[in-house]
Amino acid sequence: MDLRYEAYCFADRQFYDLQSSTETTPKDDFSTELPQLPVDWTTVERNVWRHHHPKGVQLPNQGWKIHVSAGLDNAGRVLKATFDYCVDKRIPFKYLQTMSIVLARNSKYAPREGSGKLLTIYPTSTEQLETILTELAQVLEGQHGAYILSDLRFGKGPLYVRYGGFVEQWLEVGGQQVLAIANKDGELVPDRRKPVFSLPEWIELPAFLKPHLDERNAGDPEQFPYRIKSPLHFSNGGGVYLATRKSDGKEVVLKEARPHAGLDREGEDAVIRLEREYDTLTKLSGIPGVPEVYERFTEWEHLFVAMEYMPGRSLGQWVGLHYPLTHKDVSDETLAEYKTRALKMVDRIESLMAQVHERGVVFSDLHTLNVLVDENDEISLIDFELSSTIDDVRKPTLGSPGFQAPRDRDGFDIDAYPLAALRLWFFLPLNTVLELSPAKIPQHVRVIQQRFGLTDEYCRPIIDVLTPRVDPPTDPAFTEFDEETPDWSVVRKEIATAILHSATPQRTDRLFPGDIEQWEVGGTCFGYGAAGVLHALAEAGQGRYPEHEDWLIKAYRREAPKQAGFFVGAHGIAHVLENFGHHDLATEIVDTYAELLPITQDHGLSAGLSGIGLNLLHFADARQDDSCAAQAEHLAERLAKQLADAPGPGDKAKAGLLHGWSGPALFFLRMFQHTAERRWLKLSEQALDRDLAETMIALDGSLQVRDGNLRTLPYVGIGGAGVALALTEFAKVAPDRPCVEKLPELLGGATGEFVIQPAFTLGRAGLLATLAHATKHFPDEHLERAVQRHLKALGWHAVRYGGGLAFPGVQLRRLSMDLNTGGAGVLLAIASTVDGRPPLPFLGTRTPVIADR
């Protein structure tokens, strides 16, 4: 799970957003309590930070920086004291803009490498670094804050140091633009930002910091009473480890809590919650399925609690392995077997929870990761840090989406809610969607009744308990998708209506809400920004919007992308503007980013050479432009050399349309069609074979991309469907080549009934578009039935918004409108399926068959 998404859920209940973008003047903005800056200072707000810089002070590109930490209770005092000091000494600095942002960045699932930082101070030299630390330590004496894991602590207070970049310098690594610093030879290398202090190898630690490093490394690990065998889980609040007790060799689970870190929405930290867990487990001692607690102690300022190790895998993993609707073919016997096991598990969970309630304990955190299932389907509960007693019930302020009881529940009803949610989740694991739209509860219940034959008696508590008591939903439970024969023109119109309603032309960072990657690659790009949304609207016959095209043009002028790639950079924007008739600007973009091509190494369609090359071929064909064709051929030659030297498959999946060799395969194929030179066709086949080497037979017998030892991926972005899209295009040209024999197996991996996300690149919309594209050229009744199932099942995710229908993005926590993860991608997939439109640019060209020879 990508923990970054949690921080983008605080600002808005419908969309992923930065907190600093949601209000013009947030109520908890620190600036309202700080004095005015002198006139010779400048202020710039960037994302969640407010930067203050004295005019005339020149900073280096990189160096030692100081981070200041604080808790929620003293953040204002620490900021005011540091602000006054830096202004008086004319030292550049930045700080988090609001108290809400401080809470978000210190919350339990915030990224660990950024936790604790309230301010950043930029010394101009090592000598000034020492002076600032020495003086500011006296100013902030007695103040506390979360330990900043990426830094070296100075003394005992809230000051930390790290060597890194002062200004943004970018470097391409594995197709991604990462922040960089220059090494001793002046070459850019990644600016590593991990949750552990480390120095670049060419940097020597200043002498005055060596005692602080010695203090950090002090202590004898042999004196620690437990031997850590392996980490089980990390969060911003601490870690969970499998360990052995040195005194007797007993295997235990050891939980760690960091003070002032892992905050909940009430400001309680991980230490308070772990103390509560210790007390609760003591109270529940002796209940089978609840871990015994052994001891608690403090080391290195952290609280530790040792408890019994409970065998088994999480309920989420169990369902991931056994849930039948993810498989390509499901028999009635398989459904019945799963139903029997699941119903028994529901009974066991409810029975165990009843025993917990008999001891007067409200669990408050029942969800799929806190239930373990052993090899005999026996159940145990873990993670009691949010629990409370029935005499003093605490309404939880942390929880798992789709399982956390709303604020209108009290007492044991707090646990009744997730128990009802589990009844639904076992048969349709989409509970997170219900937080966005409780009106969908009856629809989801009808799905599980029809598919699994569940009784009204079993399902009635789901509706009764999950339906909000305060402000119950008034939206209709069902959508056009639920009609026996949906009117797809109505569906397309409703999706377009929601997309257009979400537009925020008054904002400069993004036009349409989408994935959190918008704040990494910009709100203009094809995959996550305005260019892709406008492309999808036009391709789906939902019109052109000059005012939004004008926003795209102005946004490009205001802040051009950092990279050239098609989905995450400039070429996708140029492609859309060219197709919309903005030829001069499209030419300007292509020419401007030509200077980045020599340093672009990634081969993928998303950020790399193949996407750029395909777009150059598009320009060459559309304009009869020989110069674009020559540039494309040069990139193809570079890719041919990369392919020859490409390493074999690794542990982490890359194969697929956006990041694997399927993108270059498509580019080589188009080069063959453009030049009629057969070597390009051979290279296309070699690139496809390279991606096929990363596939394996999945649990259901289909061919999917291997990700690690057990996990397989069927998706477009990374996965079997992405390979299948490119292979479909290849099969139209050279149907007799051996690699084409793999196409049916790949397409089989795209037929499963259940898909966790609706997204194009990571979900159902992409599987739908892949199957529909293939069956247009290679008809197959089985695949065509899967296409119809996918079309209808998109309605499981459809949420009413703005008079239309919207779709949740990655992790289903918030709605998204972009092409890669949201409504624009769903719209494009439907248009491709129903209207025969190309599923993506560069796909769908009709070409003559080339005989095998």
Side-chain angles (χ1 to χ4, degrees), residues 289 315-316 318-319 322-326 330-358 362-368 370-371 373 376-381 400-406 408-435 437-470 472-479 482 484 753-754 792-793 795-796:
L315 188 58
W318 186 90
V319 168
H322 297 288
Y323 187 62
L325 296 190
T326 58
V330 185
S331 67
D332 292 340
E333 292 77 14
T334 300
L335 286 178
E337 179 185 347
Y338 176 82
K339 173 184 172 182
T340 299
R341 292 182 74 182
L343 291 176
K344 287 180 179 178
M345 222 168 279
V346 169
D347 287 342
R348 288 170 180 168
I349 295 170
E350 291 179 346
S351 175
L352 181 51
M353 286 297 296
Q355 294 180 68
V356 171
H357 290 168
E358 287 173 3
V362 180
F363 187 19
S364 298
D365 198 21
L366 180 65
H367 60 79
T368 61
N370 286 348
V371 179
V373 186
N376 298 315
D377 285 1
E378 294 297 332
I379 297 296
S380 57
L381 301 176
S400 178
F403 294 90
Q404 183 180 1
D408 60 22
R409 309 303 161 93
D410 205 350
F412 293 133
D413 281 353
I414 291 174
D415 288 339
Y417 187 91
L419 283 170
L422 280 174
R423 283 180 167 236
L424 175 60
W425 177 88
F426 265 107
F427 299 99
L428 189 67
L430 292 177
N431 294 40
T432 309
V433 177
L434 303 182
E435 286 205 352
S437 178
K440 296 186 71 65
I441 295 170
Q443 180 206 37
H444 284 197
V445 168
R446 186 173 78 169
V447 169
I448 67 173
Q449 284 190 294
Q450 291 178 342
R451 199 66 184 93
F452 289 92
L454 295 164
T455 65
D456 289 340
E457 182 182 7
Y458 176 87
C459 293
R460 193 174 301 112
I462 299 174
I463 295 177
D464 291 346
V465 175
L466 298 189
T467 300
R469 296 172 181 173
V470 178
T474 57
D475 290 340
F478 300 96
T479 70
D482 297 294
E484 184 174 346
E753 285 184 58
F754 178 80
K792 292 273 287 182
W796 298 355

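From a predicted model like this one, the values you see are computed outputs, not experimental measurements. Every heavy atom of this structure was used, including side-chain atoms; hydrogens, water molecules and symmetry mates were not.
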One should read off an interatomic distance between L422 CG and F403 CZ, to the nearest 0.5 angstrom, of 5.0 Å
Within-4.5 Å side-chain heavy-atom neighbours: V433 and W796:
no
List the atom pairs, with distances to 0.1 Å, where a side-chain N or O of residues 343-356 and a protein N or O form a donor-acceptor pair under 3.5 Å, not counting sequence neighbours.
residue	atom	partner	partner atom	Å
R348	NH1	D377	O	2.8
E350	OE2	R423	NE	3.0
E350	OE2	R423	NH2	3.4

Side chain to side chain donor-acceptor pair (under 3.5 Å) with D332: which residues, sequence neighbours excluded?
none
Are the side chain of K440 and the backbone of G795 linked by a donor-acceptor contact shorter than 3.5 Å?
yes
Where the side chain of Y323 meets the backbone of F427, is there a donor-acceptor pair that is under 3.5 Å apart?
yes
With distance as the sole test, does E753 use its side chain to make a donor-acceptor pair with the main-chain N or O of V330 at under 3.5 Å?
no
Checking the side chain of N370 only, and the main-chain atoms of H367 only, is there a donor and an acceptor separated by less than 3.5 Å?
no
Note, L366 side chain near L381 side chain (heavy atom, < 4.5 Å):
yes
Q450, CD: over 12 other non-hydrogen atoms inside 6.0 angstrom:
yes
Are the side chain of N431 and the backbone N or O of A421 linked by a donor-acceptor pair below 3.5 Å?
yes
Under 4.5 Å between any side-chain heavy atoms of F452 and L428, yes or no?
no
Please list, chain by chain and in numerical order, all residues satisfying salt bridge (charged side-chain N to carboxylate O under 4.0 Å, His left out) with R409, sequence neighbours excluded.
none
How long is the straight-line distance from CD1 of I448 back to CG of L325, given to the nearest 0.5 Å?
11.0 Å
Side-chain contact, heavy-atom cut-off 4.5 Å: P468 with P473?
yes
Test side-chain contact (heavy atoms from CB on, under 4.5 Å) on V319 and Y338; report intermediate values, then the result.
CA-CA 10 Å; V319 168; Y338 176 82; 3.9 Å; yes
